[in-house]
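So the structure is just underneath, and the comments pick up after that.
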Amino acid sequence: MVKIGENKVLVCINEHPNSNTLLRVADKKAKELNCGWIVLYVEPLENYSIDKDSQRRILHFLALAKEMGAEIHHIKSYNSLETIITFIDDLKKSNNLVEHLIIGQNSNVRFFSRFKSSLSEKIARKLRKTAIEIHIIPLIENSNSTNFIDQFKWDQIKIRGIAFAFAITLVAGLISEVAQRLLPVSWQVKISIVIALFLLSSIISSMLHGLIPGLIVSILGFLLIDYLYIFPIYSFEIGSPSDVINMVIFLISSIVLSFMGAFNKGYGVDLLRKRRRSQVLYEIYRLASEARDKDHAIRILHNELSKLLEAEVVFFLPSDNENNDKKIYPPDINLKSEDEEILLKCWQESCATGLGTSISFKSEWRFEPLATARDEIGVIGVKIPNSLKLDASFGLLLKTVAEQAGAILERINLVAKMNESQMREEREKLRSLLLSSISHDLKTPLSSIIGCLSVYKRMQNSQRLTNENASELTETALEEAQRLNSFISNILEMTRIESGDVEFHKEWMAPNIVIEQVISNMRNRLKDHELIFHDLDKKIEVEMDVEMTKQVLQNIIDNAIKYSPKNSQIIISCQLDENGFLYKIKDCGPGIANGKFEAIFDKYERLMYSDSKVAGTGLGLSICRAIMTEQGGFVRVTNHKDGGAEFVVWLSHFREINEVVL
Amino acid sequence: MKLKGCKVVVIDDSKAIRSFLRAFLEDEGMEFYEAANAIEGFKICQNEKIDLAILDLGLPDFDGLEILPKIKQIENKFPIIVLTARRGKEVVESVYAKGADAYLSKPFALEELLEIIEKKLCLT
């Protein structure tokens, strides 16, 4: 007996071989809610009796349910729907509220049953306004559904189809008439040929334009044959009973052929749609696979899937920083609290929820987990518009979409992780290289300083130190100490820029003022070279971090001084190209060795070969690159045709200024 | 003085190192030759009847480890001291494997270098 005063889970089973799925779902639900569950089997007393296998199955299911701890109710009835509703009402009267109703739906629907609602749909409709949550469990996946039924929708009927129907009827009528009138009597066209002609027209119509045009041809054909060929001719009356039978047979055949043609067309359209969907899906996934990162991929998937499904699509992903916040794309979406609940359920239980699933059937949203064999990445939500037919093939499409999207996002995640670990490895390698290089670059000038001072002291002690020796040794020691200092400053600067410690303050500034200040600061170092400066012929301002850009120019000019012979020219110019502003710094040194145009900026490269370079100089250009990258520009080098290197420092934002003349 | 008149070549790309070694070794009475790269150093070794070579490893044209066996093959046999900032067991092993007579890491004490020079020149 039913215990009194408790919420219940009610499951309605039938003889379907997969009804045990329903029992499992009900059992799970009851355990989840910690309440009892009831199995109701309504045995139909309609004009068919169930076969022995089905009977055996039902008995087995009922026994199974009993074993699982359910209460069993077996009612015989002519009206399953009414019986179930009454049963629920009776429970309510005895103070037992049905909280969840689980019912199966045979998705393998037969041809004519498409035209009527299934029991589950009827129950869902009846109980729509109650507090009962209805779970409809599909019992067989039907992947061969056709969109035959779509052809009855008004929006599917096209004027072209109707026009075609009239036209083909007219053509068939004309052919018959012309044949009747023009052909010799011995060739006399029989009525059966005319009928066959109209049947042919009707099947062509339905195959090309669907059911309605086919049916129109059938009816028009019927009327035309009656009017033109059935005695009394030129009237819609039918004279003899045999003609009545003939005409009825014609009409039925024509209608049946129309249905067959339409079904065929529906199947074809369905295949075509499937093929188109797979093509579109393939294209979407190809695009998304090429995405730069996860956000980009989601944007592509969102845009393309919204177009494909003609519905609102939303992605929910756990945030990268591992708290419980969800990242939502598009971010402006608003979900009702009950939709949020089923979304959470989809995420937690990794199963499809919402419209058309066993969990919260009534929602207008359908959520599918973006899950792969490895991991659950997030949830994709589709707001299904009323106009969309939610058949099994659509469900399958959503599932495929979710699986594929999951796979793509997982791949991007993996690649990102791999890159990250590669980067970490690279960083480690660089760090150890940096350490050994720093120790090397520190030691070389340091050993010179120690050496110079030791020799100085030794010679002084033995009183053999000449003035010449003393001055050479102290000068060398001083130079080396300065080199050491510049090396340490460079290392520290580099570390600060790369670790993001340096804040960039961009401002609009006249580029000629910047370079003039740099030249002025360096005038001592430039005294052995001839400096030529070409300014632009118009006034502009460039967006840059002034101090950082000065540092870049200083390092490059310093480099030019070091590598070009005394009294040679260093030519600096300001120029514009189609996209931005550039400083060019040309020197008359040996130029850059082939294949080293990138390497000279590369800290890594520099560190690899630091042993053979002059200590304390190589990182200057790496710093230039770090600074320029940081402020959205670049620095490059080429060899100009007269020999020597030509550095380009490029910045993207510039504006012309009109000077006000007073 | 044992070292007086001995010809020494310092092959090092650091001008500072060459500079103070010149002051130091000339003060010790040695005849001083210097080279800033491997090829130049090799030529001096070949042409000047050198008694001792002091070789850096990180040279701009060839690595010291590459030029070392070639210097070693010069008919007039003389000791080679490798003077480098490179450190580690592997470096020391490869230096000796290529035929160096001594290894000294930078920075170094003058006395240490002097001791090795004397030892190596006496042995030959």
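Letters A, B, ... are given to chains in the order of the sequence lines, protein chains preceding strands, and every chain is numbered from 1.
With a 4.5 Å cut-off on non-hydrogen atoms, Arg87(B) touches chain A through its side chain but not through its backbone. For chain A, the nearby parts of Ser19(B) are the backbone and the side chain; heavy atoms of each come within less than 4.5 Å. In this structure, chain A has no heavy atom under 4.5 Å from any part of Leu83(B). Both the backbone and the side chain of Ile17(B) come within less than 4.5 Å of a heavy atom in chain A.
The heavy-atom pair separating Phe24(B) from Val455(A) by the smallest distance is CB-CG2, 3.4 Å. The shortest non-hydrogen separation linking Gly451(A) to Leu110(B) is O-CD1, 4.3 Å.
Atoms CG and OG1, from Asp13(B) and Thr444(A) in turn, are 8.0 Å apart once rounded to the nearest 0.5 Å. Atom CD of Glu26(B) and atom CZ of Arg464(A) lie 12.5 Å apart (nearest 0.5 Å). Between the OG atom of Ser448(A) and the NZ atom of Lys15(B) there is a distance of 11.5 Å, given to the nearest 0.5 Å. Once rounded to the nearest 0.5 Å, the distance linking OG of Ser447(A) with CG of Asp12(B) reads 8.5 Å. Atoms CZ and OG1, on Arg22(B) and Thr476(A) in that order, are 11.5 Å from each other to the nearest 0.5 Å. Ser454(A) contributes atom OG, which lies 11.5 Å from atom CD of Glu112(B) (distance to the nearest 0.5 angstrom).
Leu473(A) places a side-chain heavy atom less than 4.5 Å from the side chain of Phe20(B).
Atom NZ of Lys98(B) sits in a sparse spot, with 12 or fewer heavy atoms from other residues, nucleotides or ligands closer than 6.0 Å. Surrounding CD of Glu516(A) are more than 12 heavy atoms belonging to other residues, nucleotides or ligands, all under 6.0 Å away. More than 12 heavy-atom neighbours from other residues, nucleotides or ligands sit within 6.0 angstrom of CG on Asn47(B). Atom CZ of Phe108(B) sits in a crowded spot, with more than 12 heavy atoms from other residues, nucleotides or ligands closer than 6.0 Å. More than 12 heavy atoms of other residues, nucleotides or ligands shown are found within 6.0 angstrom of NZ on Lys7(B).
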Residues Arg458(A), Glu28(B); criterion salt bridge (Lys or Arg N to Asp or Glu O under 4.0 Å); working and verdict | CA-CA 11 Å; Arg458(A) 194 183 167 88; Glu28(B) 291 296 326; 3.0 Å; yes
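Per-residue counts of heavy-atom pairs under 4.5 Å with chain B were compared for Glu472(A), Glu468(A), Glu479(A), Glu475(A); the largest is that of Glu472(A).
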